[in-house]
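Worksheet: one structure, shown below.
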Amino acid sequence: MPTTDFSDDRYSDFEARFDPFQTDRQARRKRNPAASRKARGFQQTVDEAAQSEKLDLSVHTTYRPGRFETGWLLEAVQDFFDQALVVDILSNVKGGKEANVYCCQAHPATGRGLLAAKVYRPRMFRNLRNDAIYREGRETLTADETPVKTTDHRIMRALNKKTDYGQAVAHTSWLMHEFTALKTLWAAGVSVPEPVAVSGNAILMGFIGDASFAAPPLESVELEPEEAQAVFQQVTGDIETMLQLGLIHGDLSAYNLLFWEGRATIIDFPQVVRSTSNRTARQILRRDVQRVCEYFIEQGVRCDADSLYETLWKRWAEPRADWVAADLSRWEEDEE
Ligand SMILES: Nc1ncnc2c1ncn2[C@@H]1O[C@H](COP(=O)(O)OP(=O)(O)OP(=O)(O)O)[C@@H](O)[C@H]1O
Ligand SMILES: [Mg+2]
C-alpha cells in the first residue's frame, strides 16, 4: 500500500506545529551550530516524541510512523486501542490534504477484520476555503453529537472571531458532521464505510479493501460499459437516498468513490450539506452530480447531469421549500 512522504513541502506547517523538537533544536543551533549536524537516531527521536507528548508507547504498531507523525497519530488512535476496538496499525493507506487514513487490525472481539482510521490534520479546518458555504444551515456539533446552543454566546463569539478555542470547536464540529453523516447513511443502507467510533481527532470505520489492497478511487478505474451502467445506477440511487434524508455530499466526485468488488463506496463527508436549510444547496448538488456524471460519461454511460440533478432536486428538495424559508430566517436571527 502507498505510504506518505512526510518530508514533502506540503507538510512543513504540520511539521512546524507537531515536531516537538523544533523549538529546542532552533535554540540549540543558536547555542551550538555543530549540534545541527549530528544525526539523531530514529528510535531515540520516536521515544522522545512520545515522552514529550506523554503518550503510551507500549502500543506496538506494525506501521512505524514518521518522526513528525508519531505523537499526532498515537494520540488520535489511543482511544481506539483503549476501547479494545483496534490492536494494531498496519499501514498508512493514504495521506490526503485533509487527513491521513491508516489500515488497522480490529480487535477480534469486535468480530471485524480490518478497519480504517481517518486522522485529521488540524490545519485542514482553517485552510478549507469557503467553509462558511458548507456550514450554513447546519448546527455546530460537539463531541457528544449534541449541537452547540446558539444562545451560548461564549462559544458563538469564539466561533465568529475564530479564536483558538473557536477553531477547536469548529474542528470538532467538522469531524462530528462526518461521523454522524456516516451513521445516518449507513443506517439508511447507503454505500458508505461502516462508522465504528470517533475520537478527538479521528474516525474509525470499515476498511474498504483487503489485507493486500486498499480499494482504489473510482477515478483510477476503467469499467466495462455494462458494469459502468450498474455502478452509475447504484451511485445515483445513493445520491437520491441522501437527498431523501436531506443530505448532500458537497465534495462528490470519482475521487471520493472507492471501488471494490463491483460496488462504489462514498467517502469523505466533513462538508456534508443540509439540502433543506442551506441556500447554496441546489448549486452544491448540481456540482456533485456533474462531477459524478463526468466520470461515467468517460466510461460510456449516457447521462445528462443537468436533467438528473433537476429531477432529483424537484423530487426531494423543492417540496420542502416552505420550511427551508422558515429555517433560514431562524438561522439568520441566530447569526446576528
Ligand atoms: N474506509 C476506507 N477504506 C479504505 N480506504 C479509505 C477509506 N477511507 C479513505 N480511504 C483512503 O484514504 C483516502 C483519503 O480519504 P478521504 O478522502 O476521506 O480524506 P481526504 O483528506 O479528504 O483526502 P483527499 O485530500 O485525498 O480528498 C481515500 O482517497 C482512500 O484512498
Ligand atoms: Mg477525499
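We use all heavy atoms of the structure for the numbers below, so side chains are in, but hydrogens, waters and symmetry mates are not. Just so you know, ligand 1 is whichever comes first in the structure, and atom 1 is the first atom listed for that ligand.
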Check your understanding: Among side-chain atoms of Gln83 and Asp79, is any donor-acceptor pair under 3.5 angstrom?
Key -> no
| query | Looking at side-chain heavy atoms only, is the closest gap between Leu185 and Phe269 below 4.5 Å? | reply | yes
### Query
Are Asp88 and Thr61 close enough that a side-chain donor and a side-chain acceptor fall under 3.5 Å?
no
- Item | Sub-4.5 Å side-chain heavy-atom contact between Arg291 and Asp251 | yes
Within the heavy-atom cut-off of under 4.0 Å, ligand 1 is lined by Lys94, Gly96, Lys97, Glu98, Ala99, Val101, Ala116, Lys118, Pro193, Met205, Gly206, Phe207, Ile208, Asn256, Leu258, Ile267, Asp268
Quiz item: Do any N or O atoms from the side chain of Ser91 and from the backbone of Val93 form a donor-acceptor pair under 3.5 angstrom?
Solution: no
Within the distance-only criterion (no hydrogens, no angle test), does the side chain of Glu69 pair as donor or acceptor with the backbone N or O of Gly66 below 3.5 angstrom?
-> yes
For residues 102-115, the salt bridge (Lys or Arg N to Asp or Glu O under 4.0 Å) pairs (sequence neighbours left out) are Arg112-Glu194
Protein N/O/S atoms closer than 2.8 Å to the Mg ion (ligand 2), ordered by chain and number, come to Asn256 OD1, Asp268 OD2
When Asn201, Asp268, Asn100 are each screened for side chain to side chain donor-acceptor pair (under 3.5 Å) with Lys118, the one that passes is Asp268
By side-chain contact (heavy atoms from CB on, under 4.5 Å), Asp288 pairs with (sequence neighbours left out) Ile248, His249, Leu252
